[in-house]
Visitor: 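Mind having a look at this structure? Questions to follow.
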Number of protein chains: 4
Amino acid sequence: MTDISGISGNQLRLFIEKVECLEEEKNDLMENLRDVFAEAKSVGFDVKIMKQIIKLRKMKKEDVVEQEELLDIYKAALGMLPSFESLDEQAA
Amino acid sequence: MTDISGISGNQLRLFIEKVECLEEEKNDLMENLRDVFAEAKSVGFDVKIMKQIIKLRKMKKEDVVEQEELLDIYKAALGMLPSFESLDEQAA
Amino acid sequence: MTDISGISGNQLRLFIEKVECLEEEKNDLMENLRDVFAEAKSVGFDVKIMKQIIKLRKMKKEDVVEQEELLDIYKAALGMLPSFESLDEQAA
Amino acid sequence: MTDISGISGNQLRLFIEKVECLEEEKNDLMENLRDVFAEAKSVGFDVKIMKQIIKLRKMKKEDVVEQEELLDIYKAALGMLPSFESLDEQAA
DNA sequence: CTGCCATTTTACCGGC
DNA sequence: GCCGGTAAAATGGCAG
């Protein structure tokens with residue numbers, strides 16, 4: 001039954017069962033997440049806004065900052081920095 | 001302390017921290033998942049096929065059959081199924 | 001005019017405007033695509049199946065066959081193919 | 001050949017051909033886009049940064065602003081506004 | 001030519 | 001029950 005066509009059925013089965021196990025854990029977690037949001041909502045919070053806040057907090061943690069220098073060079077070249085006339089004005 | 005606009009900051013804070021905690025756990029799990037696939041790949045398995053297998057195992061068997069049937073109906077309607085011609089050829 | 005840091009703002013501006021123009025055209029096309037699917041759905045077609053069909057038509061036929069074969073090999077290795085038992089049953 | 005199992009093969013074919021036609025146009029556009037980026041790169045621009053700029057310009061055009069009031073209420077409740085002690089400090 | 005990353009597409013979930 | 005938005009999967013381009 002196993003080791004057909006040169007692949008190890010047992011090895012494959014182990015990988016797949018491992019994946020399925022991890023996915024089950026993940027589903028549990030996501031259910032917990034939904035529960036938290038549901039409870040928050042039930043006491044009057046706006047879930048959509050909560051998600052925005054969480055996203056903001058996540059973004060802040062990211063580097064982002066690194067390439068901003070280079071970005072500023074290009075912005076300056078484009079006149080997108082405050083001190084220059086901006087591309088946006090032309091677009092408007 | 002910060003109950004502004006009728007919202008309890010502390011309560012909201014707790015919800016958000018709970019969410020962020022759960023999301024972190026989820027990220028860990030997903031990293032584990034990636035690792036499993038990476039290892040499977042490194043020993044020669046085809047990750048894409050593995051995912052198809054896992055998806056099939058997740059679906060209810062009746063749904064699998066139903067979808068395959070529908071696909072065949074559409075194929076037939078478009079003449080993509082060789083069945084008819086080949087039947088003719090066999091009959092000839 | 002704004003050649004700061006050795007970068008030509010005008011040249012960059014032209015590139016970016018060209019990109020934005022092309023992306024706008026692309027957005028129009030994608031909206032058209034959505035409309036087509038929506039209309040197909042409104043007259044009773046299953047959009048998901050339609051997309052499967054389109055993907056199949058895009059693939060080279062040999063690749064389709066190859067992938068199906070590989071899938072069957074994996075299924076066999078996992079005992080997901082009824083073929084063998086049913087053959088035995090038929091022999092019995 | 002058509003109208004098997006109660007679906008109209010011709011109708012389906014028309015939908016699908018329309019989709020494939022639109023997708024071809026889209027592929028052409030995307031190739032043009034790649035060409036623009038390639039040329040920009042060839043004269044020394046950083047494609048990644050260009051894409052960031054384009055993304056920024058896109059975001060500015062979006063509303064975004066609407067729900068920011070409500071968002072601020074929550075931020076205030078969380079102490080995320082300048083005048084209050086922030087969640088971030090606690091996280092740090 | 002292989003692995004990585006970004007983009008795109010698909011599937012899911014909650015809301016109306 | 002459909003639609004919208006959001007998260008996951010897959011595809012494709014790019015660099016090394």
Side-chain angles (χ1 to χ4, degrees), chain A residues 19 22-23 26-27 29-42 45-55 58-59 62-63 67, chain B residues 19 22-23 26-27 29-42 44 46-56 58-59 63 67, chain C residues 19 22-23 26-27 29-31 33-56 58-60 63 67, chain D residues 19 22-23 26-27 29-38 40-42 46-52 54-55 58 62-64 66-67:
Chain A
V19 167
L22 288 168
E23 286 190 341
K26 195 183 67 166
N27 288 338
L29 275 177
M30 287 177 63
E31 197 181 328
N32 291 341
L33 268 173
R34 275 192 296 274
D35 290 345
V36 174
F37 281 117
E39 191 192 347
K41 179 178 182 175
S42 77
F45 290 111
D46 182 317
V47 172
K48 190 172 176 182
I49 298 296
M50 282 179 67
K51 288 186 178 177
Q52 283 184 245
I53 292 174
I54 291 161
K55 194 181 291 183
K58 220 180 309 182
M59 284 170 57
E62 292 166 8
D63 22 342
Q67 293 197 336
Chain B
V19 167
L22 288 168
E23 287 189 341
K26 196 182 68 163
N27 288 338
L29 274 176
M30 287 179 61
E31 195 178 330
N32 291 341
L33 267 173
R34 276 192 295 272
D35 289 346
V36 174
F37 280 117
E39 192 191 346
K41 179 177 184 176
S42 76
D46 183 315
V47 171
K48 186 174 173 180
I49 302 290
M50 283 179 66
K51 289 187 177 177
Q52 285 184 249
I53 293 275
I54 289 161
K55 188 184 287 186
L56 286 174
K58 225 180 313 190
M59 287 173 68
D63 291 342
Q67 218 179 99
Chain C
V19 167
L22 288 168
E23 286 190 341
K26 197 181 69 163
N27 288 338
L29 275 176
M30 288 178 62
E31 196 179 328
L33 267 173
R34 275 191 296 272
D35 290 345
V36 174
F37 280 117
E39 192 191 345
K41 178 179 183 176
S42 76
V43 297
F45 289 109
D46 183 314
V47 171
K48 187 172 173 181
I49 301 291
M50 282 179 67
K51 288 187 177 177
Q52 285 183 249
I53 293 276
I54 289 161
K55 188 182 287 186
L56 285 174
K58 228 179 310 192
M59 287 174 68
K60 273 185 300 186
D63 290 341
Q67 220 180 93
Chain D
V19 168
L22 287 168
E23 286 189 341
K26 195 182 67 161
N27 288 337
L29 274 177
M30 288 177 63
E31 196 180 331
N32 290 341
L33 267 173
R34 274 193 298 276
D35 290 346
V36 174
F37 281 117
K41 179 177 183 176
S42 77
D46 182 316
V47 171
K48 190 173 177 181
I49 298 297
M50 282 179 65
K51 289 186 178 178
Q52 283 185 243
I54 290 161
K55 195 181 290 184
K58 221 180 309 184
E62 292 167 7
D63 23 341
V64 172
E66 35 179 0
Q67 292 198 335

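Not measured: the values here are computed from a predicted model. Chain naming here is simple, since letters A, B, ... match the order of the sequence lines and numbering starts at 1 in each.
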Visitor: Shortest non-hydrogen contact from A:V19 to B:V36?
Guide: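 Closest heavy-atom pair between A:V19 and B:V36: CG2-CG1, 3.6 Å.
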Visitor: May I have the distance from A:I49 (atom CD1) to E:dG14 (atom P), rounded to whole angstrom?
Guide: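 Whole-Å distance recorded here is 19 Å.
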Visitor: Could you list the residues that satisfy salt bridge (charged side-chain N to carboxylate O under 4.0 Å, His left out) with C:K41, not counting sequence neighbours?
Guide: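 Scan of C:K41 (salt bridge (charged side-chain N to carboxylate O under 4.0 Å, His left out), adjacent residues dropped) gives none.
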Visitor: Report the distance from atom NZ of B:K26 to atom CG of A:N27, rounding to the nearest 0.5 Å.
Guide: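 Going from NZ on B:K26 over to CG on A:N27, the span is 10.5 Å.
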Visitor: What's the separation between atom CG in A:L29 and atom CG in B:L22, rounded to the nearest 0.5 Å?
Guide: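 Atom-to-atom, A:L29:CG and B:L22:CG are 6.0 Å apart.
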Visitor: For B:D35 and E:dG3, give me the distance from atom CG to atom P, rounded to whole Å.
Guide: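 Those two atoms, CG and P, are 15 Å apart.
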Visitor: Using whole Å, report how far CD of C:E39 lies from P of F:dC3.
Guide: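 Atom CD in C:E39 sits about 14 Å away from atom P in F:dC3.
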Visitor: Taking CG from C:L22 and P from E:dT7, how many angstroms apart are they, rounded to a whole number?
Guide: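 Taking CG of C:L22 and P of E:dT7, I get 16 Å after rounding.
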Visitor: Do any side-chain atoms of residues 45-55 of chain C form donor-acceptor pairs under 3.5 angstrom with protein atoms, and if so which ones, sequence neighbours left out?
Guide:
unit_1, atom_1, unit_2, atom_2, d
C:D46, OD1, C:K48, N, 3.0
C:D46, OD1, C:I49, N, 3.1

Visitor: Determine, for nucleotides 7-16 of chain F in 5'-to-3' order, which nucleotides have protein heavy atoms under 4.0 Å from the base (write B), from only the sugar-phosphate (write S), or from neither (write -).
Guide: -S-SS-S-S-
Visitor: Quick one: C:M50 CE to E:dA11 P, roughly how many Å, whole number?
Guide: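 Interatomic distance, CE of C:M50 to P of E:dA11: 14 Å.
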